[in-house]
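See below for the structure under consideration.
Note that ligands are numbered from 1 as they come in the structure, with each ligand's atoms numbered from 1 the same way.
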Amino acid sequence: MVTKIALEEHALCPGLTEYWHPTVADVPAVVRDRLLDALTDFGERRLAGMDRAGIGKAVIGIAGPGVQVETDTARAIAKARASNDFLAAEVAKRPDRYAGFGHLPMQDPLAAADELQRCVEELNFCGAMVNGHTNGRYLDDPAYAPFWERAATLKTWIYLHPADPVATMPSLAGTFGLKRATWEWGVETGTHALRLVFGGVFERHPEARLMLGHLGETLPYLLWRFDSRAKLYGVTLPKPPSFYIKRNIAVTTSGMSSAEPLACAVAALGRDRVCFASDHPFEDAGEAGHFLDTVDIPDEVRTEIASGNAKTLLGLA
Ligand code: MN
């Protein structure tokens, strides 16, 4: 079993459960209770689960959407801060096993930038996890320029995690089983990342760093097409979209225990841009760990994906 650093491992800090409940409204109550139990556990059970999957260190991020759906900005700022302090205290108890991603009040871009800086510099977090749009505003909005400037200056990672779109796509009306994690979140999150690329955020902030789960939310598969269509439509960026995707984006294996998309991500982005994640407790960490242990790739690449790239990219030990 190869020792792993896992980058999309969830928890719920006190005060955030009310925001999470609607995301599991369509899940059976018994499953919901089991998830909540796992999310609020920072004890031996979480560590035992990590051990079974070969996860030496888990970078904990809250289960979204958190305060990003809060309509009272002052409340969002206070609750994000409290959540980060709580997580930092839990990480401090087992710094050998845990690290953290900050939770940010994206309603106020400057407050979010300040909290990001506090998370990185004072709480020693690896960056922040942002759960999709915030009350309909996406990260390419000009209002977020100061936020990206700060993130780039700090050379820290923004992990863009799926969340519900503002409204369900009309094409999903009347479907069963396609919403949320099956298809909807991937389209929403891939689109969000492409807004940043096509909107020039990475052109204006070359040091900005974005992480995507699910082996890149389909982007690695479509690089050629993005470049080809950007040319057709006269996108005026100095470089083709694939340039920014390769330079500014890294991906994790969260929720994707599958050899073909892994091969595609490694081929498209490079073996140094793919990291391990299990998405605990929404996916089975044991299955994710077993997949990376056994998938048919050179052992050197396996070790890089398991932990080497996380060490290099996020500065983890
Ligand atoms: Mn997740």
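Nearest N/O/S atom of E8 relative to the Mn ion (ligand 1): this is OE2. H161 contributes atom NE2 as its closest N/O/S atom to the Mn ion (ligand 1). Looking at D279 and the Mn ion (ligand 1) together, the shortest N, O or S contact belongs to OD1. H10 has its closest N, O or S atom to the Mn ion (ligand 1) at the position named NE2.
Between Y159 and H161, the angle of the ring planes lies from 30° to 60°, which puts this pair in the tilted group. Note: F282 and W20 have tilted aromatic rings, judged against thresholds of 30 and 60 degrees for the angle between ring planes.
Residues Q68 and T134 bring a donor and an acceptor atom of their side chains to less than 3.5 Å of each other.
Geometrically, R46 engages F42 in a cation-pi contact defined by less than 6.0 Å to the ring centre and at most 45° from the axis.
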